[in-house]
Amino acid sequence: AKLSRGLPVGDNWSYEPKWDGFRCIVFRDGDDVELGSRNERPLTRYFPELIAPLRAALPKRAVLDGEIVIMTDHGLDFDLLSNRIHPAVSRITKLSEETPAAFVAFDLLAEGARDLRDRTFETRRELLEAKVQPDGSVHVTPRTRDPEAAGVWFEEFEGAGLDGLVVKDVEGTYRPGDRGWLKVKHLRTADCVVAGFRWHKTAREAIGSLLLGLYDDRGVLHHVGVTSSFTMATRKSLVDLLAPLRIPRAPLKFARFGLRAFRSAQGLARGLFGSSGNKLGELATRFQFPSETAHRALGDTRTTARLFVE
């Protein structure tokens, strides 16, 4: 979704909460249920507790867009989601029982033999509400056409861990890869230390992302996130800007708390997506959705980082 600094008002807008979780496309074809990220990376093995509820809640053949979240007494918890990206089945099983996830559906892309992506959002929304049977683990996201109600949601839902609002054109079609929706987020700023960077995955002599840190009261530098929303011209100019500041290795304390975890995250992501990726690609093909190999080379470290720090 494209960032909007203010809440748009008009007859054609629909407003929904913006969930702080893992974006997920669900494919169901009979007993087969597969979960995948927007980039078609398989998520099924990490959330086994969702498979049976999705079979019960969804039409026998359907593709849905939504978000995987973990709800706690204090609101949504993104860190608990990140803990699921783990190589050990026993660990995943244990976490799925201790902190079960839920799926929040917000779009119906296909149902039966019908590809619904060229239908208006309003039509898809009506079908979503009619075809999905919510339960404790599967939900349909609330929405309103009233901007005043949306404004109340924007203020009140923040305490529950929601990111803001997503605003959709009721006449709009589903356009994968195109930022046709708007997002209105709570704006927070912080002065961070640039403690490192990662090279761009394809362009030579260009920065892919900057690794950010904050010092605690003891002077320890903690990894707090990444930033990567740069134009290509800026990415290339950063190479020269950062050149005089580069040192052979990261400070030890930052490496311990940040870089090592970051590299481990990348290594896990590269090693974990095995045969289940074939299954995801197979289901996408059944629905004739555009699909590259679902478990293609996982070199996009920016995506990997977002699994661990949002």
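Model, not experiment: these values are computed from the prediction.
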Going by the rule ring-ring contact (aromatic ring centres under 6.0 Å, His included), which residues pair with Phe230 if we only count those two or more places apart in sequence or in a different chain? none
Taking the side chain from Tyr15 and the backbone from Pro8, do they hold a donor-acceptor pair closer than 3.5 Å? yes
Polar side-chain atom of Arg61 near backbone of Gly112 as donor-acceptor pair, under 3.5 Å: yes
Under 3.5 Å, is there a donor-acceptor pair between the side chain of Arg235 and the main chain of Ser228? yes
When you measure from the side chain of Thr72 to the backbone of Leu76, do you find a donor-acceptor pair of N or O atoms at a distance under 3.5 Å? no
Pair Ser209, Arg198: side-chain N/O donor-acceptor within cut-off below 3.5 Å: no
Check whether Arg45 reaches the backbone of Pro87 with its side chain - one donor and one acceptor, N or O, closer than 3.5 Å. yes
Do Ile25 and Leu64 make a side-chain contact, defined as non-hydrogen atoms from C-beta onward lying under 4.5 Å apart? no
Taking side chain to side chain donor-acceptor pair (under 3.5 Å) as the test, write out the residues that go with Lys60, two or more places apart. none
Which residues share a side chain to side chain donor-acceptor pair (under 3.5 Å) with Thr144, sequence neighbours left out: none
Return the set of residues passing salt bridge (charged side-chain N to carboxylate O under 4.0 Å, His left out) with Asp107 (not counting sequence neighbours), or none when no residue passes. Arg124
Does any non-hydrogen side-chain atom of Asp20 lie less than 4.5 Å from one of Leu162? no
Same cluster or not: are Trp199 and Leu241 linked, directly or through other Ile, Leu, Val, Met, Phe, Trp or Tyr residues, by side-chain heavy atoms under 4.5 angstrom apart? yes
Any side-chain to backbone donor/acceptor pair from Asp135 onto Val138? Under 3.5 Å, distance only. yes
Check the orientation of Phe157 and Trp153. Use parallel for under 30°, tilted for 30 to 60°, and perpendicular for over 60°. parallel
Between Asp65 and Tyr174, is any side-chain donor less than 3.5 angstrom from a side-chain acceptor? yes
Is a donor on one side and an acceptor on the other found under 3.5 Å between the side chain of His139 and the backbone of Gly136? yes
By side chain to side chain donor-acceptor pair (under 3.5 Å), Thr234 pairs with (sequence neighbours left out) Thr231
Is a donor on one side and an acceptor on the other found under 3.5 Å between the side chain of Thr44 and the backbone of Leu35? yes
Arg145/Glu122 salt bridge by N-O under 4.0 Å criterion: yes
For Lys236, is there an ion pair with Glu205 - N to carboxylate O distance below 4.0 angstrom? no
Quick one: does any side-chain atom of Glu111 pair with a main-chain N or O of Leu127 as donor and acceptor, under 3.5 Å? no
With a 3.5 Å distance limit and no angle check, can you tell me whether Arg28 reaches the backbone of Arg55 through a side-chain donor-acceptor pair? yes
I'd like to check the ring-ring contact (aromatic ring centres under 6.0 Å, His included) partners of Phe154; sequence neighbours left out, ordered by chain and number. His186
Answer yes or no: is there a side-chain heavy-atom contact under 4.5 Å between Val194 and Leu211? no
